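Just below is one structure, and these are the notes that go with it.
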Number of protein chains: 2
Amino acid sequence: MNMQTKNVNTHLTEIKDYFKVAISVDCVIFGFDNDELKVLLIESDLKEYRGKWSLLGDIVRPDEDLENAAYRVLLERTGLENVYMQQVHAFGALNRHPAGRVVSVAYYSLVNVEHIELKLLNNDLHWHPVKDILQKDMAFDHKDILNTCLERLRQQIIEQPVGFNLLPRKFTLRDLQNLYEAILDVKLDRRNFRKKFFAMDVLIDLNEEEEEVRHRPAKLYGFNAERYSQQKKKSLGF
Amino acid sequence: MNMQTKNVNTHLTEIKDYFKVAISVDCVIFGFDNDELKVLLIESDLKEYRGKWSLLGDIVRPDEDLENAAYRVLLERTGLENVYMQQVHAFGALNRHPAGRVVSVAYYSLVNVEHIELKLLNNDLHWHPVKDILQKDMAFDHKDILNTCLERLRQQIIEQPVGFNLLPRKFTLRDLQNLYEAILDVKLDRRNFRKKFFAMDVLIDLNEEEEEVRHRPAKLYGFNAERYSQQKKKSLGF
DNA sequence: CCAAAAGTGTTGCCTGTACACCCATGT
DNA sequence: ACATGGGTGTACAGGCAACACTTTTGG
């Protein structure tokens, strides 16, 4: 075998290897319930990760782009469409997947848990408090992915009011503040918090109140999506 | 043309029978010269993009992770190691590559143009003012990638003093300000700019001055990398 | 001595933060 | 009536932005 041929063959083999990779998406689906930030997980079906929790993901199909794949996973698993979703990071460590080379693109999304609950029954999905799950092992490098997405979420909600996506259509200011306190793991001043959001001018006063609470009922607000998009640039700066 | 020097893009076409999906990295290499933000590009060798400019990228090999691939591209093309680099976004549109499905992970890096100049001679790389290149067509979706990375860079330098990576080891405050003004495309107040950076405490007074200028010479400063890492969290907030 | 850019402080404003009392409801 | 959380305003401090004159060098 002469040098030239050898080089060519070697190279072709290597080139073929280049295509033995797969692309997947992993979705970090955040919800907010019971004043806790939660994440939607499934038990891993790989024997290597028996009993460990896994994010929702799938291989990207030849006929769909990355975003489509992420939305598809979300739709298949939760039945939800038109959800807030954002690409966060690509994870490509060599041995991150036991079956071979799989590069995964992580997305995080924010959903209203109430919209999902019914569908959970036919499914093996479960909401987990993020604080708890971070103490445990997860499948693959999903702990890394979760941490990275959580970090991004924290950064995001102090820059833009994306937190609304986690709340029901009607909510109280206390709900909103609990959300921020849970995600950022801080205590915030009630008066200053209100001032900030009223100044942002993204709340719609629905002229309704809570009911069945044993204290003064709080007013209910909605989220003004139109004003939100105008105000994207403003920082919240906690 | 022998096999060794052939470009990967050519291989893609040749072996399209085996084709499934490939992962590549694309590097947006920023430099700062002549008071302009520049980006390092190469002329595309694909006939589809004849005469158009392309980012520096390559297929990710089976034995390297994403970051390694990006550093390899940088090393091969510029001879530089230990460069500031950051992953920005994964691009996976269906038809972004004419030879087939290639998902590309974009990285941006900041280099000191002086460290590269000599090596450019043996190469078909060229620095382009970012402002100019954004007016022109680019190969693939590289304009998107460039825009996304530029946006990230802008965000980054107002949060952390990463701009130092674009400057020589010794620089004046005017250099630093020019850098910020060029990247952010704004005019900044000289006194406030100085105050801000002195307060940040990341500048080392080298007790040296410019020479051969026909006006009062400016003092030269260095960058205190140690203090920088402590102060990462502080915002600059322009 | 002229041109050109370097260097230097103060003030007002705006934003963030700390903080305490009265109000409406259910029990 | 009481317990519980809802709703509200003010004062202080720190950070940001606006602004003009003197200094040093080369020509």
Side-chain angles (χ1 to χ4, degrees), chain A residues 34-35 154-155 157-161 167-168 170-182 184-222 231 233-238, chain B residues 34-35 154 157-161 167-168 170-182 184-222 231-238:
Chain A
N34 196 21
D35 291 348
R154 285 179 172 153
Q155 185 191 321
I157 67 163
I158 64 180
E159 286 171 4
Q160 297 168 19
L167 291 176
K170 302 176 179 185
F171 53 87
T172 67
L173 273 166
R174 166 61 54 181
D175 293 334
L176 189 57
Q177 186 174 341
N178 284 343
L179 176 77
Y180 273 80
E181 292 185 340
L184 298 174
D185 197 25
V186 290
K187 275 283 163 209
L188 298 171
D189 180 89
R190 202 160 90 251
R191 281 176 284 196
N192 296 334
F193 185 83
R194 294 168 156 266
K195 235 182 303 175
K196 187 162 303 207
F197 272 89
F198 287 134
M200 241 186 300
D201 200 29
V202 290
L203 294 175
I204 303 168
D205 185 340
L206 299 175
N207 292 310
E208 292 179 66
E209 293 184 342
E210 287 181 299
E211 284 170 14
E212 319 237 332
V213 287
R214 48 177 270 191
H215 56 76
R216 177 172 174 179
K219 296 176 84 173
L220 292 174
Y221 292 89
Q231 313 236 349
K233 285 161 196 163
K234 292 196 186 173
S235 158
L236 287 94
F238 286 106
Chain B
N34 197 21
D35 291 347
R154 284 180 172 151
I157 68 163
I158 64 179
E159 286 171 4
Q160 298 168 20
L167 291 175
K170 301 175 179 187
F171 53 88
T172 68
L173 272 166
R174 165 61 55 182
D175 294 332
L176 190 57
Q177 187 174 340
N178 285 341
L179 175 78
Y180 273 79
E181 293 184 341
L184 298 175
D185 197 26
V186 291
K187 276 283 163 207
L188 299 171
D189 179 89
R190 204 160 87 251
R191 280 176 285 193
N192 294 336
F193 185 84
R194 294 168 158 264
K195 234 181 302 176
K196 187 162 302 209
F197 271 90
F198 287 135
M200 241 187 299
D201 200 28
V202 290
L203 295 174
I204 303 167
D205 185 341
L206 300 174
N207 292 311
E208 292 178 68
E209 293 183 342
E210 287 182 298
E211 282 170 18
E212 318 238 332
V213 287
R214 49 177 272 193
H215 56 76
R216 176 172 175 177
K219 296 177 85 172
L220 293 173
Y221 292 89
Q231 314 235 347
K232 266 189 176 173
K233 284 162 199 164
K234 292 196 186 174
S235 159
L236 288 93
F238 286 107

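Just so we're on the same page: letters track the sequence lines, and every chain starts at 1. All figures in this text were calculated on a predicted structure; none of them were measured in a lab.
Under the 4.5 Å side-chain criterion, counting only non-hydrogen atoms from C-beta, B:Leu206 is not in contact with B:Phe171. In this structure the side chain of B:Arg174 reaches within 4.5 angstrom of the side chain of B:Arg190, judged on heavy atoms.
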Under 3.5 Å, which N/O atoms of the protein pair with N/O atoms of nucleotides 9-15 of chain C?
from: C:dT10; atom 1: O4; to: B:Lys195; atom 2: NZ; distance (Å): 3.0

With 3.5 Å as the limit, what N/O pairs link the protein to nucleotides 21-23 of chain D?
from: D:dT23; atom 1: O2; to: B:Arg216; atom 2: NH1; distance (Å): 3.1

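Atom CD of A:Glu159 sits about 14.5 Å away from atom CZ of A:Arg154, to the nearest 0.5 Å. Distance OG1/A:Thr172 to CD/A:Glu208: 13.0 Å, rounded to 0.5 Å. One distance of note links NZ of B:Lys195 with CZ of B:Phe193; it measures 13.0 Å at 0.5 Å rounding. Here CG of B:Leu184 is found 4.0 Å from CD1 of B:Ile157. Values are rounded to the nearest 0.5 Å.
Rounded to whole Å, the distance from CE on B:Met200 to C1' on D:dG15 is 14 Å. Between the CG atom of A:Asp35 and the C1' atom of D:dG5 there is a distance of 13 Å, rounded to whole Å. Across the protein-nucleic acid pair, B:Lys187 atom NZ and D:dA17 atom P stand 16 Å apart, rounded to whole Å. Here D:dG15 presents its P atom at 19 Å from CZ of B:Phe193, a figure rounded to the nearest Å. Distance NE2 (A:His215) to C1' (C:dT25): 9 Å, rounded to an integer number of Å. Residue B:Lys219 contributes atom NZ, which lies 12 Å from atom P of D:dT24 at whole-angstrom precision. The interatomic distance linking B:Leu176 (CG) with C:dG7 (P) rounds to 12 Å, in whole Å.
Only at 4.0 angstrom or more do the heavy atoms of residues 203-213 of chain B sit from any atom of DNA chain C, so none qualifies.
An OP1 or OP2 oxygen of C:dA5 is reached within less than 4.0 angstrom by no side-chain nitrogen or oxygen of B:Arg214. Using a 4.0 Å cut-off, some side-chain N or O of A:Arg174 falls inside it from OP1 or OP2 of D:dG6.
Nearest heavy atoms, B:Leu220 versus B:Glu210: CG-N, 4.1 Å. Across all their heavy atoms, A:Leu188 and A:Tyr180 have their closest contact at CD1-CB, 3.9 Å.
Results of the side chain to side chain contact (heavy atoms under 4.5 Å, CB included) test with B:Tyr221 over B:Asp175, B:Ile204, B:Leu173 single out B:Leu173 as the only residue that passes.
Nearest nucleotide to the A:Lys196 side chain, out of D:dG7, D:dT25, C:dT17: C:dT17.
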